[in-house]
Amino acid sequence: MIIELADGADERLADYTRLTDVALRRRLETRRGLYMAESSKVITRAVAAGHAPRSFLMAPRHLDEMRPVIASAAGCGGSDDGGEVPVFVAPEEVLESITGFHLHRGALAAMNRPELAGVPELLASARAGAGARRVAILEDLVDHTNVGAAFRSAAALGIDAVLVTPRCADPLYRRSVRVSMGTVFQVPWTRIERWPAMDELHAQGFTVAALALSENSVALDEFAASPACTEPDSRVAVVLGTEGDGLSHRTIAAADEVVRIPMAGGVDSLNVAAAAAVAFWALRLPRPGT
């Protein structure tokens with residue numbers, strides 16, 4: 001239903017108010033099972049992934065371009081006015097008073113979080129049911145920008161699924177979603193309940209490679225040319241560590257291989273998002289049309 005608003009203090013906008021308050025965003029997006037999708041592109045990708053909106057919020061000038069997306073969203077019943085799902089429309093100045101910033105990317109949507117799949121189910125269902133062959137594991141990343149950037153690289157470079165550890169930042173946090181350009185909805189992902197337990201990965205034939213500096217590490221290009229990566233049905237999971245300390249000693253000890261990115265110029269490491277892109281490229285599988 002289209003609801004025109006003239007007052008940013010309307011209690012029906014509780015999901016959107018004080019968006020610049022980090023603590024409130026965390027409460028809204030985690031405890032109540034919501035996340036915020038910002039921009040027409042991000043909302044479109046979320047809806048295409050089957051995520052159901054709780055409501056939409058936009059300026060009048062964006063309503064027409066958003067109607068097809070609204071109509072295709074789960075729960076809207078095919079209606080371009082949202083059906084039973086509220087579509088809040090308000091002048092730009094009212095939107096800015098609500099969000100704390102100029103809403104220039106089209107729209108916002110409060111989305112209901114989908115239930116996360118278990119690790120075995122996620123890996124088995126990836127690639128349209130053919131099963132994942134290249135997986136990224138994000139261990140305890142705390143920066144939402146790095147999480148979003150890693151997902152964008154994963155989508156672009158052929159990673160079939162992403163697993164995040166219990167203490168990793170939330171991929172559906174608003175900044176992660178925005179930096180990923182909505183690719184967090186394209187790449188299947190879930191949260192690992194126990195880490196560094198790797199039995200579920202090993203049960204599905206994965207070689208777990210820890211990306212770390214270590215005396216017994218092998219160069220990334222050497223690992224990429226090994227049977228673990230080149231066998232016809234090879235399955236590889238690459239683990240990337242937290243921004244400060246890198247991977248934990250327990251993770252490195254439990255991994256099947258420890259892999260390093262060869263570097264020059266006296267540089268010993270890369271930002272985790274950059275390292276992810278390099279590793280994903282080196283370990284990619286040939287894809288049709290690429």
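Numbers here are sequence positions counted from 1.
Within the model, atoms CG of Asn146 and CG of Leu240 stand 10.5 Å from one another, a figure rounded to the nearest 0.5 Å. The distance from the OG atom of Ser248 to the CG atom of Asp140 is 7.5 Å, given to the nearest 0.5 Å. In this structure, Glu38 CD and Arg178 CZ are separated by 5.0 Å, a value rounded to the nearest 0.5 Å.
The shortest side-chain heavy-atom distance between Arg113 and Asp170 falls under the 4.5 Å cut-off.
For Glu92 and Arg61, the salt-bridge test passes: some basic side-chain N is under 4.0 Å from an acidic carboxylate O. Asp160 and Arg133 are not joined by a salt bridge, as no carboxylate oxygen comes within less than 4.0 angstrom of a charged side-chain nitrogen.
Two different hydrophobic clusters hold Leu172 and Leu163 under the rule that ILVMFWY side chains link at heavy-atom gaps under 4.5 Å.
A side-chain donor-acceptor contact under 3.5 Å links Arg260 to the backbone of Ser217. At distances below 3.5 Å, not a single donor-acceptor pair connects side-chain atoms of Glu84 with backbone N or O atoms of Gly75. The backbone N or O of Val135 lies less than 3.5 Å from no partner atom in the side chain of Arg235, so there is not a single donor-acceptor pair. Distance alone, capped at 3.5 Å, is enough to place a donor-acceptor pair between the Ser125 side chain and the Glu121 backbone. Asp80 contributes no side-chain N or O that, together with a main-chain N or O of Pro68, makes up a donor-acceptor pair within less than 3.5 Å. Remark: the backbone N or O of Ser234 is paired with a side-chain donor or acceptor of Arg134 at under 3.5 angstrom.
Checking Arg45 against Thr183 by side-chain atom types alone, no donor-acceptor pair falls below 3.5 Å. No hydrogens or angles considered: nothing links the side chains of Trp281 and Ser153 as a donor-acceptor pair under 3.5 Å.
Closest of all the heavy-atom pairs between Ser40 and Glu65 is OG-OE1, 3.4 Å. Looking at every heavy atom in both residues, Thr207 comes nearest to Glu257 through CG2-CG, 4.3 Å.
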Subject >> Met111 and Val177: CA distance, side-chain angles, deciding distance, side chain to side chain contact (heavy atoms under 4.5 Å, CB included) verdict >> reply: CA-CA 12 Å; Met111 307 292 293; Val177 173; over 6 Å; no
Subject >> Stepwise side chain to side chain contact (heavy atoms under 4.5 Å, CB included) test for Phe56 and Cys76 >> reply: CA-CA 11 Å; Phe56 297 91; Cys76 291; 4.2 Å; yes
